[in-house]
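This report refers to the structure that appears directly beneath it.
Hydrogens, waters and symmetry mates play no part in the numbers below; they use all other heavy atoms, side chains included. Counting starts at 1 for both ligands and their atoms, following the listed order.
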Amino acid sequence: LSPGVLSRFRGALVGSVLGDCIGGEFEGAVDVPLDRVLQHLSALEDETRGEGILQYSDDTAMMRCVADSLLTRMEFDERDMARRFAKEYNLAPGRGYGSGVVQVLRKLASPHLKDVFQPAQAQFGGRGSFGNGGAMRAAPFALAFKSRADVCKYSRLGAMLTHSCSLGYNGAALQALAVHLSLQGALALPKEFINKLISEMEEMEKDEKAQLDAKALSLSEFPYCSRLHRVKELIDRNSVSIEEVISELGNGIAALESVPTAIFCVLHCLEPRDGLPERFGGLERTIAYSLALGGDTDTIACMAGAIAGAHYGIDSIPQSWQKSCEAVEEADDLARRLYDLYCLP
Ligand code: 8NA
Ligand code: MG
Ligand code: MG
């Protein structure tokens, strides 16, 4: 039975928070044996575990700002969103923000700032950040806007508040589009799902700035499209090792090295996989598999969790996992309110 739309909305934001909280354990690890992942996950089911609640990081902190801003303004308002990012950072600077983005967040706090996109443009000698910080918080755009064009447009603008390199904001649009399609049930046809993403990214990567940025970074002309073609090749294969996934797609803090990877995790885990418990549903498999890749595990699991949560719905997420993570109730509430906004005529 296919989950209802509200269930998918809730699954998307709760899945995103879970990926962040659960994935934090292995952030930056080079080798993550599957045994350790499964141990970490089974500890979530143990009510008596003494470790307390798993904390969320920058991924969730900024996702909440995006959702709050879209809900309050009932549209994309760059000044409001920028102010919320700055305020959130100021209140809780220790949430594991990227080392570059904190300079942007400090500048965004200034009441004298005229152009809220300017601090991001000054990053990395004027080249802008290509980190995955725009993509990790992109899910709410897919819950707030109905048309694919609007999801694209506003997720890119929302990312540009901190990430002015096209690799950064196009990665955010790719993530938002993946959630958008998943909410509509498009993962029922995985090949078509990935083909749709490729054709959207072809349009985005034709852009002059995208071409210049790719060249400056010595990347291929259509970097996201070529990664997505690799995703397609990998899902066609019968068996793929973790090492191959990491070398073909990456597991790093660059959006290019992590957004296609998160999409692969979701597609790969649509079916049961060797080494993952049979009792696991698709969302559990997706999170487990994302963690086993190592690298930027909180962010890859957060992005994969949002796409998978939109596909499987809220009821696919174990209660014990939800209870183990900070701010799940808040994310659920944001999703319900975004659903109400979405349903307005
Ligand atoms: P960001 O904009 O600071 O980018 C992240 C990092 O990417 C930077 O600190 C640089 O090292 C590098 N980078 C980005 N753009 C350029 C460029 N043009 N030239 C050279 N280097 C560049 O922050 P963000 O918001 O994109 O960061 C997102 C990630 O950082 C998330 O995974 C988040 O959870 C966080 N984080 C990751 C780790 C980790 O070990 N993987 C640790 C702490 C925090
Ligand atoms: Mg993080
Ligand atoms: Mg991270």
Side-chain angles (χ1 to χ4, degrees), residues 16-32 54-66 81-82 85-86 88-89 92-108 117 119-139 155-156 158-175 209-210 212-219 223 246 250-259 261-262 265 287 290-291 293-306 325-327:
S16 161
V17 172
L18 280 180
D20 178 16
C21 293
I22 299 175
E25 172 80 4
F26 303 109
E27 188 174 21
V30 179
D31 261 318
V32 185
L54 298 172
Q55 308 270 303
Y56 66 77
S57 75
D58 54 337
D59 307 53
T60 299
M62 297 192 90
M63 182 278 279
R64 290 174 61 173
C65 294
V66 170
M81 201 172 281
F85 289 155
E88 169 60 35
Y89 173 68
R95 290 272 185 191
Y97 288 87
S99 53
V101 76
V102 299
Q103 298 171 43
V104 179
L105 297 172
R106 288 196 194 105
K107 289 183 191 169
L108 288 178
F117 293 105
Q121 288 159 7
Q123 291 294 94
F124 300 101
R127 283 165 296 144
S129 173
F130 52 61
N132 55 22
M136 71 189 184
R137 62 178 191 247
S155 58
R156 286 172 107 203
M160 284 177 199
L161 291 168
T162 49
H163 292 67
S164 76
C165 175
S166 59
L167 276 303
Y169 59 73
N170 283 344
L174 174 58
Q175 167 65 13
K209 166 113 164 71
L212 288 173
D213 286 348
K215 204 167 201 177
L217 292 163
S218 311
L219 297 166
I246 298 170
N251 64 359
I253 53 174
L256 183 65
E257 304 266 311
S258 48
V259 183
T261 311
C265 291
I287 302 249
S290 310
L291 268 49
L293 296 180
D296 195 0
T297 49
D298 67 328
T299 304
I300 295 173
C302 157
M303 297 190 292
C325 299
E326 187 186 7

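Atoms of the protein (N, O or S only) found under 2.8 Å from the Mg ion (ligand 2) are S57 OG, D58 OD1, D59 OD1, D298 OD2.
No hydrogens or angles considered: nothing links the side chains of S155 and R137 as a donor-acceptor pair under 3.5 Å. Using a 3.5 Å distance cut-off with no hydrogens or angles, the side chains of N251 and D296 do not pair a donor with an acceptor.
By the neighbour-count criterion of 12 heavy atoms within 6.0 Å, atom NZ of K209 is densely surrounded, having more than that number from other residues, nucleotides or ligands.
The closest heavy-atom contact to atom 44 (C) of ligand 1, among the options S258, G24, G96, comes from G96. Of the candidates D213, I253, T297, the one placing a heavy atom closest to atom 6 (C) of ligand 1 is I253.
Cation-pi geometry between R95 and Y56 is satisfied (NZ or CZ under 6.0 Å from the ring centre, within 45° of the ring normal).
The aromatic rings of F124 and F130 sit parallel, their planes meeting at an angle under 30°, below the 60° perpendicular limit.
Closest to atom 15 (N) of ligand 1 among all protein heavy atoms lies F130 N, 3.0 Å. Closest to atom 14 (C) of ligand 1, if we only count protein heavy atoms, is S129 OG, 3.4 Å. When only non-hydrogen protein atoms are considered, atom 39 (C) of ligand 1 lies nearest to E27 OE2, 3.4 Å.
Closest of all the heavy-atom pairs between Q123 and S129 is CB-N, 4.2 Å. A pairwise comparison of heavy atoms in C302 and D59 identifies SG-CB, 3.9 Å as the closest pair. The minimum heavy-atom distance between A262 and I300, with the atom names listed, is CB-O, 3.8 Å. Closest non-hydrogen pair, H163 versus G134, comes out as CE1-N, 3.6 Å.
No heavy atom of C165 sits closer than 4.0 Å to any atom of ligand 1. The closest approach between any non-hydrogen atom of H163 and ligand 1 is below 4.0 Å. Heavy atoms of G252 come nearer than 4.0 angstrom to ligand 1 in no pair at all.
Between the side chain of D213 and the backbone N or O of C165, no donor-acceptor pair lies under 3.5 Å. Panel note: side chain Q121, backbone G128; no donor-acceptor pair is recorded below 3.5 Å.
Neither the backbone nor the side chain of T162 comes within contact range of ligand 1; no heavy atom lies under 4.0 Å. Here F124 has side-chain heavy atoms under 4.0 Å from ligand 1, and that is the only part of it that gets that close. Only the side chain of D298 comes within 4.0 Å of ligand 1, counting heavy atoms alone; its backbone N, CA, C and O stay farther away. With a heavy-atom cut-off of 4.0 Å, N132 touches ligand 1 through backbone and side chain alike.
The structure places CG of L293 at 11.0 Å from OG of S258, a figure rounded to the nearest 0.5 Å.
Close N/O approach between V101 and ligand 1 is found [any backbone or side-chain N/O within under 3.5 Å].
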